[in-house]
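The figures that follow rest on heavy atoms only: side chains count, while hydrogens, waters and symmetry mates do not. In what follows, every chain begins at residue 1, and chains take the letters A, B, ... in the order their sequences are listed.
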2 protein chains.
Amino acid sequence: MTVAPRRQPTLEEVAERAGVSRSVASRALNNAPHVSPAKREAVERAVRQLGYVPNPTARALATRQTGAAALVVSGEDPSIFADPFFAQVIVGASTALEDADLHLMLCLAASDRGRKRVEELLRSKGADGVLLMALREGDPLAGMAEEAEMPVVFGGRPVGVAPRWYVDVDNVGGAREATEYLISRGRTRVAAICGRLDTEAGRARYRGYRDALLGAGLDPLPPQEGDFTEPSGAAATAVLLKQHPDLDGIIAANDNMAAGALRTLRAAGRAVPADIAVVGFDDLTVAQVADPPLTTVHQPITALGREMARMLVAVINGHDPTPLILPTRLVTRSSA
Amino acid sequence: MTVAPRRQPTLEEVAERAGVSRSVASRALNNAPHVSPAKREAVERAVRQLGYVPNPTARALATRQTGAAALVVSGEDPSIFADPFFAQVIVGASTALEDADLHLMLCLAASDRGRKRVEELLRSKGADGVLLMALREGDPLAGMAEEAEMPVVFGGRPVGVAPRWYVDVDNVGGAREATEYLISRGRTRVAAICGRLDTEAGRARYRGYRDALLGAGLDPLPPQEGDFTEPSGAAATAVLLKQHPDLDGIIAANDNMAAGALRTLRAAGRAVPADIAVVGFDDLTVAQVADPPLTTVHQPITALGREMARMLVAVINGHDPTPLILPTRLVTRSSA
DNA sequence: ACCTAGTCTGGGATCGCTTCCAGTTTCGTG
DNA sequence: CACGAAACTGGAAGCGATCCCAGACTAGGT
């Protein structure tokens with residue numbers, strides 16, 4: 001019964017077949033008012049018979065809305081994206097965007113080429129809004145985003161400034177709680193393997209560590225910087241062991257580095273948690289799989305993505321939502 | 001609330017400013033022939049002065065090309081996407097797409113809503129092409145993709161049929177090699193924790209295991225099915241240990257499940273690899289971090305994504321590339 | 001000086017949809 | 001029964017590019 005036409009049917013043809021004008025057909029499709037039930041029905045029938053699907057591009061041109069939001073992940077090279085963290089953000093963002101009927105474009109601003117394309121996207125309004133993540137200090141993307149007259153929601157704050165719209169996790173609080181936990185269990189010589197200090201997350205987590213130690217009247221160690229990868233955690237631990245042989249606790253700025261720490265400690269013959277307690281941050285799969293399973297600061301990553309997307313949708317719809325800080329929670333397993 | 005003070009300059013304005021017609025300006029922009037050097041220069045200057053950026057939507061409408069490719073990940077629920085596997089595919093696909101100046105749209109066809117949106121995308125030609133992954137047996141997406149008159153490249157073959165264009169990994173060969181390795185090291189009672197048997201990867205890897213055992217004159221065990229997650233690997237191992245207390249080797253269909261196996265074995269007091277050897281598949285980070293580090297079948301995941309994207313670009317450009325099977329390679333660490 | 005071949009140019013049609021707006025119906029009310 | 005408001009309708013004007021094509025202009029050959 002349904003005729004398979006060569007070219008895609010257009011709204012014009014639908015209208016003709018339904019015996020109405022294009023405008024009425026359009027209104028019927030977008031169930032806008034001012035369409036009599038009879039014609040609405042006729043249009044629907046014609047749509048069904050013709051197998052009509054509206055052309056998103058034409059619609060976009062007319063409405064000046066692309067129907068898509070971009071998730072931009074900044075970084076020096078694409079491998080940053082291999083962190084399972086982003087996958088979870090995407091899951092959250094994707095479902096929220098789906099609810100708003102927006103598509104998700106993914107932009108890895110890793111290469112120069114990638115950054116250039118993001119800039120073009122921003123300037124050409126190639127999306128209705130942008131979710132911006134993993135900015136480092138002095139990242140040119142921050143400025144571009146500012147200039148672009150486009151809704152931008154930040155995932156995690158950029159270093160130093162607080163943008164108008166962002167969703168972040170309570171990094172300071174989480175790190176503080178973890179460190180306090182270590183202290184409460186009698187650890188007194190606790191070091192921090194912190195993430196890159198050119199990211200706000202790296203800094204904030206170190207601050208949380210420092211605050212906790214100072215609060216307990218203990219001396220914080222200077223930051224031992226890693227880059228959020230497992231090898232960097234292993235390397236940092238080696239350095240720490242050499243510098244402070246009497247260490248009895250390590251708090252890492254993420255689970256990957258904590259896993260690296262476990263590896264080095266195992267190789268060095270230090271028992272975890274008997275000799276040294278280790279705490280991670282993120283609560284990704286690796287924390288559960290590690291041996292021993294990691295005590296870690298859980299952060300609601302999927303919720304982060306979801307709330308970012310929701311906030312973006314709100315901004316797109318003309319609202320002015322307030323920034324959001326998501327809570328963290330310490331998950332105790334056996335590494336501390 | 002809508003802010004629309006300074007409208008973006010249009011090609012028309014650029015042309016006027018450069019003292020040429022729209023057509024010439026357009027040609028100059030797309031550096032097409034039939035534009036004198038002088039006017040080309042004038043257009044470029046005008047573009048610079050006005051800060052003009054072409055409107056991608058308008059261009060898309062006129063050229064009937066969206067400038068985007070969609071990566072569709074099928075699954076029962078969004079958590080499937082949490083597998084770091086996909087992140088790596090994305091990295092590969094993203095860079096290749098970047099080279100072709102295509103944007104990447106990410107579609108998680110997990111919910112009903114998600115699937116419906118993918119169908120719409122397919123039917124409305126909302127993208128220039130589609131990368132389709134993680135199809136299960138009887139997945140409706142396969143049919144939709146077939147019907148849609150749109151270039152579709154499969155990542156991994158769907159169960160049973162071989163589509164026209166796909167990139168896959170040598171699952172059978174990889175699993176066979178891993179199993180043969182176990183046998184060559186003197187293991188004789190080897191079990192397979194296989195992935196979902198409604199996926200081709202799950203089946204193929206089991207076939208590789210079976211082929212190797214049969215080839216060595218040993219009896220393959222029936223498939224112990226998992227779902228590619230760590231817990232399912234742990235559970236499957238528990239079952240195997242109960243059914244076959246004399247097991248001396250396990251080959252898991254991916255690293256996650258192998259990690260689960262390690263966890264159960266540790267809990268059961270079996271030494272790895274002394275008592276039981278374990279081999280994984282994928283060679284993700286978890287394989288390196290696991291204790292003991294996993295011997296596993298490395299598959300070139302980023303290359304998979306890259307080649308899929310390249311193939312898609314070829315198809316979009318009117319070519320008819322031949323399907324590709326990427327090689328795997330056994331990486332020996334200490335678990336076997 | 002004239003004609004031809006070749007290069008440039010720019011007006012206008014087109015892509016498929018939304019939306020404004022003026023004109024037409026419909027309908028309730030006094 | 002008349003009248004004004006409200007509900008509908010459909011023609012037409014965009015949205016901002018691309019691209020065809022007829023005509024102008026240039027240059028070279030005779």
| said: Taking CD in A:Glu146 as the centre, count heavy atoms belonging to other residues, nucleotides or ligands within less than 6.0 Å. Is the count above 12? | reply: no

| query | Got a sec: does the CD of B:Glu16 have more than 12 other heavy atoms crowding it under 6.0 Å? | reply | no

| remark: Ranking D:dG10, D:dT18, C:dC17 by distance to the side chain of A:Ser21, first place goes to D:dG10

| Donor-acceptor pair (no angle test) under 3.5 Å: A:Ser23 side chain, D:dG11 base | yes

| remark: When rounded to whole Å, the CZ to C1' distance for the pair A:Arg40 and D:dC8 reads 11 Å

| request: Would you mind checking if B:Glu41 and B:Arg45 are paired as a salt bridge, meaning a charged N to carboxylate O distance below 4.0 Å? | output: yes

| query | From the list C:dC15, C:dC20, D:dA17, which nucleotide is the closest neighbour of the side chain of A:Arg27? | reply | C:dC20

| Rounded to whole angstrom units, what separation is found between the CG atom of B:Leu29 and the P atom of D:dT18? | 7 Å

| Has B:Ser36 got a side-chain N or O lying under 4.0 Å from the OP1 or OP2 atom of C:dT9? | yes

| request: Return the value, rounded to whole Å, for the distance between atom CZ of A:Arg22 and atom P of C:dC15. | output: 12 Å

| query | When you check the gap from the basic side-chain N to the acidic O, do B:Arg117 and A:Asp101 get nearer than 4.0 Å? | reply | yes

| request: Could you check how far CG of A:Leu11 sits from P of C:dT19, rounded to whole Å? | output: 12 Å

| request: Ignoring backbone atoms, test whether B:Arg64 places a side-chain nitrogen or oxygen under 4.0 Å from the OP1 or OP2 oxygen of C:dC15. | output: no

| remark: With the side chain defined as heavy atoms from C-beta on, B:His34 is closest, among D:dT18, C:dC17, C:dT9, to C:dT9

| field | Separation of C:dC17 C1' from A:Leu61 CG (nearest whole Å) | value | 8 Å

| Counting just side-chain N and O atoms, does B:Lys39 come under 4.0 Å of either OP1 or OP2 of C:dT9? | yes

| note | Here the distance between atom C1' of D:dG16 and atom CG of B:Asn30, to the nearest Å, is 13 Å

| query | Can a side chain N or O of B:Ser26 be found less than 4.0 Å away from OP1 or OP2 on D:dT18? | reply | yes

| request: Give B:Pro56 one of three labels, base, sugar-phosphate or nothing, depending on what nucleic acid heavy atoms sit under 4.0 Å from its own. | output: nothing

| message | Just N and O in the side chain of A:Asn55: are any of them under 4.0 Å from OP1 or OP2 of C:dC15? | response | no

| query | What is the distance, rounded to the nearest whole Å, between atom CD of A:Glu12 and atom P of D:dG10? | reply | 13 Å

| message | It should be established whether B:Arg59 places a side-chain nitrogen or oxygen under 4.0 Å from OP1 or OP2 of nucleotide D:dT18. | response | yes

| said: From the set D:dG10, C:dG10, D:dT18, return the single nucleotide nearest to any side-chain atom of B:Ala62. | reply: D:dT18

| To the side chain of B:Thr10, which of D:dG10, C:dT9, D:dG16 is closest? | D:dG16

| request: Say whether, by atom type as modelled, one donor and one acceptor occur between the side chain of B:Asn55 and the main chain of B:Ala58 under 3.5 angstrom. | output: yes

